[in-house]
Amino acid sequence: MSRSPNQDETRSAAHGRRRIFSGIQPSGSLHLGNYLGAIRQWVRRQDERSDEVESFICVVDLHAITLPQDPESLRRQTRELFALLIACGIDPERTTLFVQSHVRAHTEATWMLLCATPLGWLERMTQYKVKAQRQESVGAGLLTYPVLQAADILLYDAHEVPVGEDQKQHVELCRDVAQRFNHLYGETFVVPEPVIPQVGARIMGLDDPSAKMSKSDSAARGHAVLLTDPDAEIERAIKRAVTDSGNEIRFSDDPEKAGVDNLLSIYAAVTGRSRAECEADFADARGYGDLKKRVAEVVVDVVGPIRERAAELLRGDHRELDRLVALGAERAAAIAEPKLAQMRERLGFLPAPR
Ligand code: ATP
Ligand code: LTN
């Protein structure tokens with residue numbers, strides 16, 4: 001009978017390097033939460049020694065269509081997201097950066113994994129419950145979404161999945177699906193670990209600090225700082241951020257002070273300073289106006305260069321961008337296809353005629 005592969009075996013499946021996989025939806029404009037909670041970690045991992053880690057970053061357009069998308073906007077957003085990821089520091093020569101629907105193995109593997117996934121596991125997912133509640137009619141894809149995510153990860157034998165806090169449950173489901181498949185059909189997949197950042201894992205909305213900053217809500221004015229926002233817009237959104245009627249600038253679990261806590265968390269994540277150092281920085285501040293001004297300054301400093309680099313890539317006929325999209329698809333397929341063939345073999349399918 002099968003058993004879980006040990007660390008040495010899983011490393012050798014990835015040619016001795018630790019594989020990192022993560023994904024992001026082209027469902028709207030990228031915001032500061034995406035950058036601080038996820039993308040920045042991906043860039044840091046990529047910049048480690050290339051003989052130790054190998055990174056895959058996927059623009060998950062198949063996930064985006066679990067909610068209605070306008071086709072033209074989806075196309076534009078997919079290109080824009082690809083450019084923004086590069087502008088944030090993802091290097092497509094070192095990281096396999098690709099568009100999910102370009103690698104057909106993802107959809108095929110999803111079906112195979114779905115058949116090994118108990119329905120109850122999916123019905124328990126918090127994100128499904130929240131998103132389903134907001135819709136009048138719910139497509140079946142919204143429920144099966146985490147299995148597509150599991151296919152993404154498992155096709156690449158990924159060891160680590162760096163994500164924001166909200167995705168932890170999906171990565172845990174992926175682990176369960178991998179273990180179940182390994183148990184039913186023999187050892188096939190590496191069982192991955194979620195990796196959640198210490199700081200910045202959950203940036204809240206500026207207009208409502210009780211709800212996470214989200215792409216789907218980012219059209220609402222004052223909700224998010226977008227990575228494409230001009231400096232003046234960033235300053236305005238932060239200036240208008242919801243706070244409380246007090247004047248104490250400190251980290252706090254008190255729901256009343258969630259707005260100030262969120263601004264301090266953004267400051268801490270952007271500057272890399274400890275919580276104590278951040279509080280000390282504002283010891284002499286005269287109220288929340290000073291806090292907001294300083295937070296806006298540090299945010300403008302990181303977002304400005306990203307916005308400009310992305311605009312450059314998107315200028316003209318984006319021939320360079322298209323070349324990089326094709327490069328990513330080719331490299332990703334070279335890893336995913338053999339894994340899919342292994343799944344087919346494990347399941348007992350006849351080899352496909354050539
Ligand atoms: P949507 O609203 O369409 O679900 P989203 O803003 O939640 O979009 P995703 O594409 O789901 O963004 O997430 C991309 C990555 O960004 C994930 O790793 C996710 O955990 C992280 N992330 C998303 N929102 C935040 C946030 N507010 N704070 C920290 N990390 C976040
Ligand atoms: N569901 C994730 C995006 C996502 C992902 C993945 C993240 C799709 N596939 C694989 C990590 C690994 C989200 O909405 N953030």
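Numbering of ligands and ligand atoms starts at 1, following listing order. Residue numbers run from 1 in the order of the sequence given.
- The two residues Val163 and Ser22 come nearest to each other via the heavy atoms CG1-OG, 3.7 Å.
- When only modelled atom types and interatomic distance are considered, Asp91 and Gln46 share no side-chain donor-acceptor pair under 3.5 Å.
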Where do Ile39 and Leu30 land on the side chain to side chain contact (heavy atoms under 4.5 Å, CB included) test, with the steps shown first? CA-CA 10 Å; Ile39 301 167; Leu30 274 190; 3.7 Å; yes
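- Defined by atom type and a distance below 3.5 Å, a donor-acceptor pair is present between the side-chain atoms of Thr188 and Arg346.
- Between Glu165 and Lys168, no side-chain nitrogen of the basic residue sits less than 4.0 Å from a carboxylate oxygen of the acidic one, so the salt-bridge criterion is not met.
- We find that Glu48 and Arg45 are joined by a salt bridge, their nearest charged nitrogen and carboxylate oxygen being less than 4.0 Å apart.
- Classification of Arg315 and Glu308 as a salt-bridged pair fails, no side-chain N sitting under 4.0 Å from a carboxylate O.
- Here Thr271 pairs with nothing under the side chain to side chain donor-acceptor pair (under 3.5 Å) rule; sequence neighbours left out.
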Pairs of donor and acceptor atoms involving the side chains of residues 121-128, under 3.5 Å and at least two apart or interchain, shall be tabulated with distances.
{"unit_1": "Thr126", "atom_1": "OG1", "unit_2": "Gln169", "atom_2": "OE1", "d": "3.0"}

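- Enumerated by chain and number, the residues approaching ligand 1 to less than 4.0 Å through a heavy atom are Ile24, Gln25, Ser27, His31, Gly33, Asn34, Gly37, Ala38, Lys131, Val163, Gly164, Asp166, Gln167, Gly200, Ala201, Arg202, Ile203, Lys212, Met213, Ser214, Lys215, Ser216.
- Residue-level contacts of ligand 2 at the 4.0 Å heavy-atom threshold are Phe21, Ser22, Gly23, Gln25, Val60, His63, Tyr145, Gln149, Asp152, Ile153, Val161, Val163, Gln167.
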